[in-house]
Amino acid sequence: MGKYTIVIHGGAGDFPKDSPEELKQQYINSLTEALNIGKNILANGGTSIDAVEKVINYLENNILFNSGRGAVFTLEGKHELDASIMQGKDLSSGAVAGVTIIKNPISLARLVMEKTPHVLFAGKGADDLGIQLGVEIVPNSYFHDSTGYQKWLKSNIKQQGETVGCVALDQYGNITAGTSTGGRQNKMPGRVGDSPLINAGTYANNNTCGVSATGIGELFIRNTIAFNISALMEYKGYTLKQACDEMIYKRLPEGSGGV
Ligand code: GLY
Ligand code: GLY
């Protein structure tokens, strides 16, 4: 009792060499704020599921990151968001893929887990479920970052890596992992990445670890990255570091992403 742990990421992308110091500082400040939100919940006896949801809500609402507001653009210049959450105590999990009007996809993923008998909702059915369950609804244009949009119009590129994720272990020994993203810049409409897929982009098991991935989703799906890290620990006795090194550095091509 009394011990807790929290880890966050804001994507595996790197800063372009010419990025202003001020922008880097904004990212660092935002990540620090996110971490503090989670730490406060856990230090006061809150649960890992609450910590993970609130941390990711903050990052979803922050335009710097590729999740919620500030999400990257599909080939059509729209936004389709993916998120998932999983609890290590009982493997319960919830996810949404390709939502377009849900302000905080991670919160709808949690409701899928808690309020439905299912794990994953996609597209219009997921948006409709959000309306039905009373989560905050926004127009698709809410997610636009106008600076990012101007860049997208001009060059069709924007930094790609800023998927967000959080893993927390609460004072009761329960691990929760969550991931939220706008996916990949210029993805084909309807494309779904690893982030809403339990076992690929997100996994949690109290016997082993919690994982949230970021990077080129297709590679994380094909290699079942998040589950395999846990499985190497559970079945082969690897340490967390050994398991991550095996999957990230040996199985994936260099530069695929991280966990
Ligand atoms: N295995 C088929 C289904 O769950 O829909
Ligand atoms: N890893 C985020 C994505 O590919 O959608």
Side-chain angles (χ1 to χ4, degrees), residues 7-14 27 31 34 52 55-56 59-60 62-86 93-100 102 104-106 108-109 119-123 126 140 143 145 148 152 156-167 177-204 210-230 244 247-249 251-259:
V7 187
I8 61 173
H9 70 75
D14 203 359
Y27 274 96
L31 289 166
V52 167
V55 164
I56 293 182
L59 294 167
E60 286 174 336
N62 186 321
I63 201 153
L64 292 178
F65 299 92
N66 174 19
S67 65
R69 189 162 167 257
V72 295
F73 302 93
T74 66
L75 270 177
E76 293 178 332
K78 297 208 169 87
H79 306 278
E80 297 177 1
L81 313 178
D82 299 335
S84 65
I85 197 161
M86 181 168 192
S93 33
V96 292
V99 293
T100 60
I102 306 298
N104 291 111
I106 197 72
L108 183 56
V119 170
L120 170 62
F121 281 73
N140 195 250
F143 301 111
D145 164 0
W152 178 82
N156 268 2
I157 48 165
K158 188 195 170 199
Q159 216 174 309
Q160 296 229 346
E162 309 105 335
T163 291
V164 308
C166 178
V167 174
T179 309
S180 184
T181 191
R184 305 289 295 174
Q185 182 80 316
N186 286 332
K187 64 186 179 181
M188 294 169 71
R191 177 270 191 188
V192 173
D194 60 318
S195 303
L197 301 184
I198 299 299
N199 300 317
T202 302
Y203 194 74
V211 180
S212 168
T214 167
I216 302 167
E218 285 72 11
L219 296 172
F220 283 76
I221 297 170
R222 292 186 193 125
N223 292 279
T224 328
I225 294 296
F227 171 73
N228 265 328
I229 289 170
S230 171
C244 290
M247 295 313 300
I248 300 301
Y249 295 124
R251 305 286 171 134
L252 292 177
E254 195 179 335
S256 300
V259 291

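Computation of the quantities below employed the complete heavy-atom set of this structure, encompassing side-chain atoms and omitting hydrogens, waters and symmetry-equivalent molecules. One-based numbering, in listed order, for ligands and for the atoms of each.
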Considering only N or O atoms, set out every pair between ligand 2 and the protein closer than 3.5 Å, with distances to one decimal place.
residue  : atom  : partner : partner atom : Å
ligand 2 : 1 (N) : D194    : OD1          : 2.7
ligand 2 : 1 (N) : G215    : O            : 2.8
ligand 2 : 4 (O) : R191    : NH2          : 2.9
ligand 2 : 4 (O) : G215    : O            : 3.3
ligand 2 : 4 (O) : G217    : N            : 2.9
ligand 2 : 5 (O) : R191    : NH1          : 2.8

With the threshold set at 4.0 Å, does a side-chain nitrogen-carboxylate oxygen contact exist between E218 and R191? yes
Report the C-alpha distance between T202 and T179 in whole Å, list the side-chain angles of each, state the deciding distance to 0.1 Å, and finish with yes or no for side-chain hydrogen bond (donor to acceptor under 3.5 Å, both in side chains). CA-CA 6 Å; T202 302; T179 309; 2.7 Å; yes
Geometric class of the F65/Y27 ring pair [parallel <30°, tilted 30-60°, perpendicular >60°]: perpendicular
Just checking, is any N or O donor in the side chain of H79 or T74 under 3.5 Å from an acceptor N or O on the other one?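 Absent: no donor and acceptor within the cut-off.
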Could you tell me which residues satisfy salt bridge (charged side-chain N to carboxylate O under 4.0 Å, His left out) with R251, sequence neighbours excluded, listed by chain and number? E246
side-chain hydrogen bond (donor to acceptor under 3.5 Å, both in side chains) evaluation trace for S67 with S180: CA-CA 6 Å; S67 65; S180 184; 4.6 Å; no
